[in-house]
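Remember, predicted model here, so these are calculated numbers, not experimental data. These values consider heavy atoms only, across backbone and side chains, with no hydrogens, waters or symmetry-generated copies.
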Amino acid sequence: MSQLKALSACSAATLISHGPRREDLASASASTLKFGAGASELNGSPLVSQHCRLVKAHKSQVIKAVASNDKETVSAGATNGRGFRGKLNKVVLAYSGGLDTSVIVPWLRENYGCEVVCFTADVGQGIKELDGLEQKAKASGACQLVVKDLKEEFVQDYIFPCLRAGAVYERKYLLGTSMARPVIAKVRFELTFFSLNPELHVVAPWREWDIQGREDAIEYAKKHNVPVPVTKKSIYSRDRNLWHLSHEGDILEDPANEPEKDMYMMSVDPVDAPNEPEYVEIGIVSGLPVSVNGKQLSPASLLTELNELGGKHGIGRIDMVENRLVGMKSRGVYETPGGTILFCAVRELESLTLDRETIQVKDSLALKYAELVYAGRWFDPLRESMDAFMQKITATTTGSVTLKLYKGSVSVVGRTSPHSLYRQDISSFENGQIYDQADAAGFIRLYGLPMRVRAMLENGM
């Protein structure tokens, strides 16, 4: 696999994106696409097309890349002629090896006569998904595959800020697919493309092709001898990364149906979890986790360990009907074992270190923060400004939280912080010198004054 090469500005550069999850759609112009999702089936998989050599890089130059020179990509049956819909020279496809990206490779070659360079971001989808991916990409018609390990960057720069902000979409969703979008989308999703280089033009195959659904895609794959990982009998749409695993489609499309037991992959059924609880201590510095049971770990290693621990106890299963950006509702089932543990730990520590007004403001901003991330607006100045606020107010959120894991539940059993605002000598029910219970009498009279005045009015007094 070739080394990555950062792309510089090119006015003729074109982005090609095929349809994403149904969660996000922007249709303001012909060059705006449905911009959400991870690497799940029939989800968004943007591609960069080269009419010239390079495209502008921004912040990280990790993904906006193609092979070192055009000669390197002329292999695996490259198409040199004009396709049914025109001619593109070369495209870079964010490739998962799933049904959608497997099918889009021959579709691009057939319709645009272009070479296809597949790019895969390793954000923790697992060895099983990455094993044999290069052979699969070339069997689909790609000329090469480039893989980049982004797990540490994903956790440190994307997951942890959302964790610190307390970002939860519609009360349940911990944004697993949405957080992976920006780290991949430095070649992947259109709104991110626009923020990185507004000169890019987008072509969306999902708006052009005749494939109407997953069964059509399977038939197309068979027709073009493309190996695909699903059958009509097993047709869940899944997106996996180090933070979570999502499940959509098949029987889940009816919200009345209970998910099948064998659908879950990251967590055991809580009924089958150990009969004895397990305790875990999470160390936190300035709102971010740094250790598990006293052991300092890198961000990705810490999350990996908690995924294993939480999965063993059936932690982090969520079944929800959510509102997509365009207004439609969609049902998804999510497994987020390690993330659920971390959210609980950070929230409990904040109960010691943040005052009432700060918690209320933080919680209100967290709702908007989650909306922005869900909508693919990671690089929006508003989110970045809110992130600076979150970083400032959690500067003292340092300490440790002990949690009990038992058959699908996470319970806090202890919390401590050197910056704790909790004072036992003040909060004690015993008489103390700092707080005199008698002081409450005057406060209660003043606090209840509006209610007394209303009562007087209603009684003609």
Side-chain angles (χ1 to χ4, degrees), residues 151-168 174-176 179 242-243 278-310 315-316 336-370 373 383-405 409-428 434-435:
K151 293 191 290 292
E152 291 292 350
E153 179 182 352
F154 175 42
V155 180
Q156 179 69 52
D157 296 341
Y158 299 90
I159 289 177
F160 276 7
C162 288
L163 175 65
R164 179 175 57 204
V168 180
L174 299 183
L175 298 168
M179 289 187 297
L242 197 56
W243 183 249
E278 184 168 357
Y279 294 84
V280 59
E281 181 184 19
I282 309 298
I284 298 170
V285 174
S286 298
L288 300 178
V290 296
S291 67
V292 176
N293 294 327
K295 181 171 61 175
Q296 299 282 326
L297 296 167
S298 72
S301 298
L302 184 146
L303 182 54
T304 298
E305 184 162 323
L306 289 180
N307 277 336
E308 295 175 0
L309 184 62
I315 304 298
T336 318
T340 299
I341 293 172
L342 289 176
F343 257 85
C344 182
V346 172
R347 184 171 57 246
E348 291 299 332
L349 188 59
E350 287 179 347
S351 70
L352 289 182
T353 62
L354 302 183
D355 61 67
R356 177 178 59 193
E357 297 297 327
T358 301
I359 288 177
Q360 291 176 355
V361 172
K362 183 176 184 291
D363 286 349
S364 65
L365 290 177
L367 297 174
K368 186 61 179 179
Y369 193 108
V373 176
R383 190 214 62 84
E384 294 176 340
S385 298
M386 293 170 67
D387 200 50
F389 169 80
M390 297 297 180
Q391 185 174 0
K392 175 65 176 179
I393 64 169
T394 58
T396 59
T397 302
T398 295
S400 66
V401 177
T402 302
L403 303 169
K404 181 170 70 174
L405 314 180
S409 67
V410 183
S411 305
V412 60
V413 297
R415 46 182 98 60
T416 181
S417 171
H419 306 294
S420 176
L421 299 177
Y422 178 88
R423 290 282 301 263
Q424 186 174 351
D425 55 346
I426 296 178
S427 302
S428 174
I434 298 178
Y435 175 70

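Taking every heavy atom of both residues into account, Glu350 and Ile359 meet most closely at O-CD1, 4.0 Å. Contact record, Gly166 with Ala366: O-CB, 3.5 Å, taken as the closest heavy-atom pair. Across Trp243 and Asn307, no two heavy atoms sit closer than the pair O-OD1, 4.4 Å. When all heavy atoms are compared, the tightest approach of Ser286 to Ala395 is OG-O, 3.2 Å. Val373 and Cys162 get closest at one heavy-atom pair: CG2-SG, 4.1 Å. Minimum interatomic distance between Thr358 and Asp355 (heavy atoms only, all atoms of both residues): N-OD1, 2.9 Å.
A donor atom on one side chain and an acceptor atom on the other are found under 3.5 Å apart for Ser298 and Ser301.
The salt bridge (Lys or Arg N to Asp or Glu O under 4.0 Å) with Asp387 is formed by just one residue from the set Lys392, Lys368, Arg164; it is Arg164. Each of Asp157, Val155, Ile159 was compared with Met179 under the side chain to side chain contact (heavy atoms under 4.5 Å, CB included) criterion, and only Ile159 meets it.
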Self-check item: Worked verdict on Val168 versus Leu175 for side chain to side chain contact (heavy atoms under 4.5 Å, CB included)
Solution: CA-CA 7 Å; Val168 180; Leu175 298 168; over 6 Å; no

Exercise. Could you check Thr336 against Phe343 for side chain to side chain contact (heavy atoms under 4.5 Å, CB included), going step by step and ending with a plain yes or no?
Key: CA-CA 10 Å; Thr336 318; Phe343 257 85; over 6 Å; no

Practice problem: For the pair Leu306 and Val280, evaluate side chain to side chain contact (heavy atoms under 4.5 Å, CB included) and give the outcome as yes or no after the intermediate values. | Solution: CA-CA 9 Å; Leu306 289 180; Val280 59; 4.3 Å; yes

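Atoms CE and CG, on Met390 and Leu163 in that order, are 11.5 Å from each other to the nearest 0.5 Å. Going from atom CD of Gln360 over to atom NZ of Lys362 covers 13.0 Å, rounded to the nearest 0.5 Å. A distance of 14.0 Å separates OH of Tyr422 from OG of Ser417, quoted to the nearest 0.5 Å. The distance from atom CD1 of Ile284 to atom CD of Glu348, rounded to the nearest 0.5 Å, is 10.0 Å. Between the CG atom in Leu303 and the CD1 atom in Ile341 there is a gap of 9.5 Å [rounded to 0.5 Å]. Annotation: the span from Thr353 atom OG1 to Leu421 atom CG amounts to 7.0 Å, rounded to 0.5 Å.
Counting heavy atoms from C-beta on, the side chains of Pro289 and Phe160 come closer than 4.5 Å. Between Leu302 and Leu342, some side-chain heavy-atom pair lies under the 4.5 Å cut-off.
Between the Glu152 side chain and the Ala300 main chain, a donor and an acceptor come within less than 3.5 Å of each other.
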